[in-house]
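Below: one structure, written as structure tokens.
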Amino acid sequence: MPNIRFQALRAVLDRQIPEVKTPSHKISDYFGANVFDKQKMKEYLSTEAYNGIVNSIDNGVPIPREMAEQVASAMRSWAMGKGATHYTHWFQPLTGTTAEKHDAFFEPTADGGAIERFSGDALAQQEPDASSFPSGGIRNTFEARGYTAWDPSSPAFIIGRTLCIPTVFVSYTGEALDYKVPLLKTLSALDKAAVDVCHYFDKSIEKVNASLGIEQEYFLVDIALFNARPDLSLTGRTLFGHMSAKNQQLEDHYFGSIPSRVYAFMQDMETEALQLGIPLKTRHNEVAPSQFECAPIYEEINLAIDHNQLLMDIMDRVARRHNFKVLLHEKPYAGVNGSGKHNNWSLITNAGKNLLSPGKTPKNNLMFLTFFVNTIKAVHEHADLLRASIASVNNDHRLGANEAPPAIISIFLGSQLNEVLDEIDTSRLSKKIKEENSLWQGIPKIPQILKDNTDRNRTSPFAFTGNKFELRAVGSSANSASPMTVLNLIMADQLKKFKVDVDKLIKKGEKKDVALMTVIKRYIKESRNIRFEGNGYSDDWEKEAAARGLANIKTTPKALDAFLTEKSEELFADTGVFTKREVHARHEILLDSYYKKLQIEARVMGELVMNIIIPAAIAYQSKLVENVKGLKDIGLAADTYEAQLDIINQLATHINFIKTNVEQMINERKKANKIDDLRDRAIAYDETVKSFFQPIRYHVDKLEQLVDDSLWPLPKFRELLFIK
Ligand code: ADP
Ligand code: MG
């Protein structure tokens, strides 16, 4: 049987670039063509039904049954006009991916014929037999009913021949089983809290929504090479591999010209995404070889997250047409950069005002400062929860490793805003305002165009970037709903507290603006610790952060504890976002997936070592032994085969080390599997089972360097990392 690595390399050499067709040269001609958006609703619905649904989308008003009937029928006509034969409720279970189960529109009739039908009921609610989705014990399998319910705030779309309807997924007893339900709950809590605070400044504001722009990083690898690496295909990352001599050290890939094969993939992927209404705007090469990024224009947060989930799916499907595999894993290759998903977040009013955008007038500046400082305070109060929301087995490899933010949550503001906050902190502002009886003089000027738009700090996990905060610690494969639910939630809670604090002072007789400024000043002082402008990648920061008392929790099982603290439980209960049962269920699901993923990695590692790596090393060793025997036979002196003997010995050392350690790892796994408590089991996997990975890998990578290249069965980093 020929070496699978060489078969794969051969296949790569023969690749042709598929021709990419776009519906038109003008994106505006086909943007959103496969989405049942407001424009199409207007076309397909009566004015009454259209107004009803728009009202429901904008204000969360429930849709009456007759109206659902009309919408369903309109959706079906539109979808069938575009060739759709099936429909599905599209939802986001806690597996992290999206789920769908297709049903045909067609129904047989009594006379032996058939018609196409799609009822309001089928649109509004479905009951997938979804007993195998994680529920953290909320749904026993004998009571497996889970419901999907239409989320009209995210428009339906067509993929292939299927009409997809974004839905929430809840249990029979009403508990959330997905990512969308809690997100939507936090949005209404945030809306209410933010509008209340807005009313200090502007009574006309009726609604505040969070907006989100997600930058998505990913790697591409040829599908043949991917398939020749069982570790990549089963775990999403390479468990072995000696670093390529050339990797990212010349920094020649970042923003470099895009290879033609990749360019064709990007165009194809963008065309599909744009037709699905995903406003992809930016594409470029990232830092690591074969690493790329795409970013859409920001949107309302619920839609932005649906679009990102959909995008990950599209990327994967389109990549296959181009003989690529998209790697969304946070750390597919040790030693070069990992991938993240920067979450750019801000708050925008119904009038389109960005509350995190510094204003022109002092009054607007006070409003900006209010939301700005409250965000800092919220993150300061609940940094542990934010950390927990981005925790995963994959992200553990990335946080604190090559060019990724550390596991310490801190906030970067940029020098100008830092100075503004320091000025407020150290000034005797409120007194000055009182004495001069002039409301606005005490507020420092905030420049409209912030210099830090350019001199930004890329090492910070949470950075202010001109008119938005950017959470950079989110993993590339994550569902952004998890961290965004937490961010919205802690912000909602913080704004509520802010209002209580300000109202207290007003009640005591303070002027409104003095009261606002007094509380802002206090918050600045209280949250000072979390602000950090320096290099987040440095060892010094780890030390300083420890001295400041900031948490630096490096692994998931312990980071997840933050969900169950008294403080968090209070927060969830106050805002009604999670019941106690729901939080515990989520915690359990996350721990469960954590240890299972490590278990899979450990198993794959063991199999590869025993069935592929060691046999290859032994084959080479045997060749050397033959050679030595031959040299001896023809009567050569021992010093002529010294090198061969040395290599034979080195091979033996590595083979023995690997084999013993794999056996020990298997024993540890057996022990860990017997631990009943899920958190303890996850920690055992982290601290014992996982601790074998690095040493085993080290010796396997040594073998890779020693063994005859023609006998090595796994594609090497130098082959995986560069696209021909
Ligand atoms: P980079 O961070 O790579 O320099 P940009 O500053 O252009 O990129 O923005 C990255 C993302 O932030 C884009 O998706 C963009 O639409 C989004 N963005 C810009 N303004 C806002 C905002 N006010 N709220 C949320 N996202 C925003
Ligand atoms: Mg960015």
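One is the number of the first residue; the rest follow in order along the sequence. Predicted model only: the values in this text are computed from it and were never measured. Order of listing sets the numbers, starting from 1, for every ligand and every atom in it. These values consider heavy atoms only, across backbone and side chains, with no hydrogens, waters or symmetry-generated copies.
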CG (L487) and OG1 (T186) are apart, to the nearest 0.5 Å, by 9.0 Å
Looking only at distance, does S211 have an N or O less than 3.5 Å from an N or O of ligand 1?
-> yes
If you compare I214, N344, N467, L280 by their heavy atoms, the one closest to atom 11 (C) of ligand 1 turns out to be N344
Does the side chain of N285 come within less than 4.5 Å of Q291's, by heavy atoms?
-> no
Can a non-hydrogen atom of I297 be found less than 4.0 Å from any atom of ligand 1?
-> yes
Just by distance, with hydrogens left out, do E286 and N337 show a side-chain donor and acceptor under 3.5 Å apart?
-> no
Passing option when W90 is tested against D151, I159, D306 for side-chain contact (heavy atoms from CB on, under 4.5 Å) = D306
How many angstroms lie between atom CG of L187 and atom NZ of K180, to the nearest 0.5 angstrom?
-> 10.0 Å
Numbered atoms and elements of ligand 1 in range of S346, under 4.0 angstrom, heavy atoms = 22 (C), 23 (N), 24 (N), 25 (C)
With atoms numbered from 1 as shown, which atoms in ligand 1 lie under 4.0 angstrom from a non-hydrogen atom of P296?
-> 13 (C), 14 (O), 16 (O)
Whether E470 lies under 4.0 Å from ligand 1, heavy atom | yes
Determine whether the side chains of N374 and Q494 contain a donor N or O and an acceptor N or O closer than 3.5 Å.
-> yes
Under 4.0 Å between heavy atoms, the region of H342 that gets near ligand 1 turns out to be neither
Interfacing atoms of ligand 1 (cut-off 4.0 Å, heavy-atom, N354) = 23 (N)
